[in-house]
Amino acid sequence: MASTPSSTLSPLYASNIFCNFNSPQKFTFPLKLHSKSCIRTTQVSLQEQSQVSNPNNSQYSDRKAVSSSKSKLWVNPKSPRASELKRKSYDFRYASLMKVAESLDSCKPVEEDVFNVLSDLGDKVVEQDAVVTLNNMTNAETALLAMKYFQQRLKLSKEVIVYNVTLKVLRKNKDLDRAEKVFDEMLERGVKPDNVTFSTIISCARQCNLPEKAIKWFEKLPSFGCEPDDVTYSVMIDAYGKAGNVDMALSLYDRARTEKWRIDAVTFATLIRIYGAAGNFDGCLNVYEEMKALGVKPNMTVYNSLLDAMGRARRPWQAKNIYGEMLSNGFEPSWGTYASLIRAYGRARYSEDALKIYKEMKEKGLELSVVLYNTLLAMCADVGLTDEAVNIFEEMKSSASETCQPDSWTYSSLITIFSCSGKVSEAEFTLNEMMEAEFEPNIFVLTSLIQCYGKAGRTDDVVRTFDRLSDLGLSADERFTGCLLNVLTQTAKEDLHKLTICLERANPKLGYVVKFLVDDEVEEEGAFKKHATELLDCATTDVRKAYCNCLIDICVNLNQLERACELLDVGLTLNIYTDIMSRTATQWSLHLKSLSLGAALTALHIWVNDLNKALESGEEFPSLLGINTGHGKHKYSEKGLAGVFESHLKELNAPFHEAPDKAGWFLTTKVAATSWLESRRAQEVVAA
């Protein structure tokens, strides 16, 4: 049996074995001697800098390091004894222990081989040799056998430290199962675990992405008389957050801010994900700013979590700024970074930025997932990028990865793009390709096809597509019905009855109101308005405006201006339309941006009548009158409301002219408007 530490170590040497075990700093052993030959007593760190510990709570905190002036003796390098003293110094011993650790990592994990390697240490093995050797190992299996060797040959005064450095090796290997078994063995041998024991196992569970296990071990601490330190608490913010216990995670975070705990970047990333999942996107940004203020450098996980949150918040401009900051800090975007950016830009229709990221991913040879491809295609459908969508679809099909092949949503987006562009043959070809790939058309595909056939004036194909609903076991939803209603606004009068029958089957209330218009039925006073109010009041927010716009368009197409005005009044009463007309001391305005063409013409008719009444009553006009149509164009058309409206104003000989400095505005002066209204009134009198 080798000599015990008590018989071989001086008090100076013994104090240096354990004095800094719980220090959060990392001390390293020099592989070379000091430039001046000296004898050094080297302090051994038994944990890495990231290890969770607190020297103030340590059972070893009463052991003070000896000052460097007493731990070094200068020796003349020319002295004959210099080389002998070098060999006897612990630096020399440490280097040999490092080599032993390397040999143990590479040998077979069998007791005989491990013990043979350790036998090279000789008979004068001390406790610090065991700690240093295990502390520098990476092979979990041989480390356990090495610990057994030292336990058999040494009378360990601080056996918990030997266990802790062995647990650290298991943590390096993310081997939580073995770590838990080692803990059980400690208890069987009567070794009391300390804070470092628990913090090592907790951090191991964290590295294994097992937050529930980390919580289990954290909650065991009090029963062993251990008090978690601030770093352990900080780690638990991450664990509770990942385990779904948001309240506990945020409670600890509030405490962390008050007590100024050290929080690492991984924990901040978890906090960002917590706030993002709760929809508190400003909270995500606040955490990020607090992190930077505390001097914690963001890592890729933080950046990717933040980019993902900004994407779901539909804040692409902030995602763009964060991405720029990430690049300026020297980080290379990962696949996750690109994925978050495509989602952020795609959802917000930042088509130029999204396609730029897509191109960059392809140039780097990164494969996109089906979800990312579908995000890009859906964006193309939203903004009308037909050619770009076709290219993306073809590149997707040519991908070598089986996981990137088109699915039903892929085909649905492409059919939508072709349908909105009026490309009937391309839409039908894609539908056939979809069915050959054994994907049944869903409600979105049929909705797009109805729109496609409606634009092309193929009413019989619209009816045939409607009949496919029942064949596929599908039911018409509000969007499908809204699309069918929109087709009626583009259909010749003689074919309207065919689609009215479909509408009555899909939505009886809507069908009844449309039939009322198409058949131009004579009504009791207020009956039509009553039925229209009931219909629109029951419709969901997503489709109410679309329904009302289409019904007004049908009225205008059928020259039923009175009913169009009734529908606009219903829309205003139900707050479907808001702030259409406004008045200030200097300008009266008509706002038409959210209206269909028929609804806009109806609103103009009512507004002009109101102006006539104001003129007749002697009300003073402001210096300016304006009509705001907006300046945007439909994504699949070269025409916008402004262009169509300009022609209509010319037909009316109205003195409204497009403002050169205010896009989408048509303005006139008080004098010109008054003159025009008086002229119209005179013409009406003559006509009467």
Side-chain angles (χ1 to χ4, degrees), residues 419-420 422 450-463 466 480-504 506-507 509-523 527-529 531-533 535-536 539 543-572 576-577 580 590 592-609 629 634 636-652:
S419 298
C420 292
I450 279 182
Q451 183 179 20
C452 186
Y453 290 131
K455 276 194 168 190
R458 292 167 56 168
T459 305
D460 290 339
D461 285 324
V462 173
V463 175
F466 177 84
F480 180 92
T481 307
C483 186
L484 188 58
L485 183 63
N486 181 259
V487 170
L488 264 81
T489 67
Q490 307 166 53
T491 303
K493 187 174 182 179
E494 58 271 17
D495 286 335
L496 287 176
H497 68 282
K498 298 178 183 178
L499 301 181
T500 303
I501 294 171
C502 294
L503 270 177
E504 286 181 299
N507 185 329
K509 281 188 176 180
L510 179 58
Y512 179 82
V513 172
V514 172
K515 191 173 185 298
F516 218 106
L517 297 174
V518 172
D519 294 345
D520 198 13
E521 294 181 3
V522 178
E523 57 170 311
F528 172 75
K529 190 173 183 179
H531 287 298
T533 302
L535 167 71
L536 294 171
V543 298
R544 290 171 82 195
K545 184 174 287 186
Y547 280 13
C548 199
N549 276 339
C550 287
L551 289 171
I552 295 174
D553 285 351
I554 293 170
C555 289
V556 171
N557 291 343
L558 296 173
N559 293 318
Q560 297 180 21
L561 186 57
E562 185 177 343
R563 284 176 174 167
C565 292
E566 285 182 319
L567 283 168
L568 186 66
D569 185 56
V570 170
L572 292 168
I576 295 173
Y577 306 120
I580 288 181
L590 177 65
L592 307 174
K593 288 174 67 174
S594 64
L595 276 64
S596 64
L597 177 59
L601 293 174
T602 303
L604 176 65
H605 172 78
I606 294 172
W607 190 58
V608 170
N609 283 345
T629 62
H634 191 277
Y636 291 101
S637 172
E638 289 301 314
K639 293 183 178 180
L641 184 59
V644 178
F645 223 73
E646 185 176 18
S647 300
H648 183 71
L649 290 171
K650 287 180 180 178
E651 289 176 8
L652 295 175

- Would you say C555 and L561 make side-chain contact, with heavy atoms under 4.5 Å? no

- Sub-4.5 Å side-chain heavy-atom contact between L604 and V608: yes

- Go through the steps for N557 and K493 under the test side-chain contact (heavy atoms from CB on, under 4.5 Å), then give the verdict. CA-CA 9 Å; N557 291 343; K493 187 174 182 179; over 6 Å; no

- Query: Considering only heavy atoms from C-beta outward, does the side chain of C548 approach that of V570 to under 4.5 Å?
  - Reply: no

- For E494, look at atom CD and say whether over 12 heavy atoms of other residues, nucleotides or ligands are found less than 6.0 Å away. yes

- Output for pair (F466 CZ, T481 OG1), nearest 0.5 Å, gives 7.5 Å

- Message: For a 4.5 angstrom cut-off between non-hydrogen side-chain atoms, does L510 reach V514?
- Response: yes

- Is the shortest heavy-atom distance from the side chain of V487 to the side chain of Y453 under 4.5 Å? no

- For I554 and L485, work out which heavy atoms get closest and say how close. CD1-CD1, 3.8 Å

- Query: Which heavy-atom pair separates T602 from G598 by the least distance, and what is that distance?
  - Reply: OG1-O, 2.8 Å

- Query: Does the K545 side chain pair with the main chain of Y577, one donor and one acceptor, at a distance under 3.5 Å?
  - Reply: no

- Task: Calculate, to the nearest 0.5 Å, the distance between atoms NZ and NE2 belonging to K515 and H497 respectively.
- Result: 11.5 Å

- Query: Can you name the closest pair of heavy atoms from A599 and N549 and give their distance?
  - Reply: CB-OD1, 3.5 Å

- K593 versus T629: any side-chain heavy-atom pair under 4.5 Å? no

- Item | Least distance between heavy atoms, E504 atom then Y512 atom | CG-N, 4.5 Å

- Item | Least distance between heavy atoms, C483 atom then Q451 atom | SG-CB, 3.5 Å

- Minimal non-hydrogen separation, A603 against I580, with atom names: CB-CG2, 4.4 Å

- Item | NZ-CZ distance between K650 and F645, expressed to the nearest 0.5 angstrom | 14.0 Å

- Heavy-atom side-chain proximity of K498 to T491 below 4.5 angstrom: no

- Query: Hey, are the side chains of Y547 and I576 touching, using non-hydrogen atoms and a 4.5 Å cut-off?
  - Reply: no

- Item | Distance in Å, Q490 CD paired with D495 CG, rounded so as to fall on 0.5 Å steps | 13.0 Å

- Test side-chain contact (heavy atoms from CB on, under 4.5 Å) on I552 and L595 and set out the steps. CA-CA 10 Å; I552 295 174; L595 276 64; over 6 Å; no

- Item | Nearest-0.5 Å distance that lies between atom CD in E566 and atom CG in L551 | 12.5 Å

- Gap separating the CG atom of L517 from the CG atom of L496, nearest 0.5 angstrom: 10.0 Å

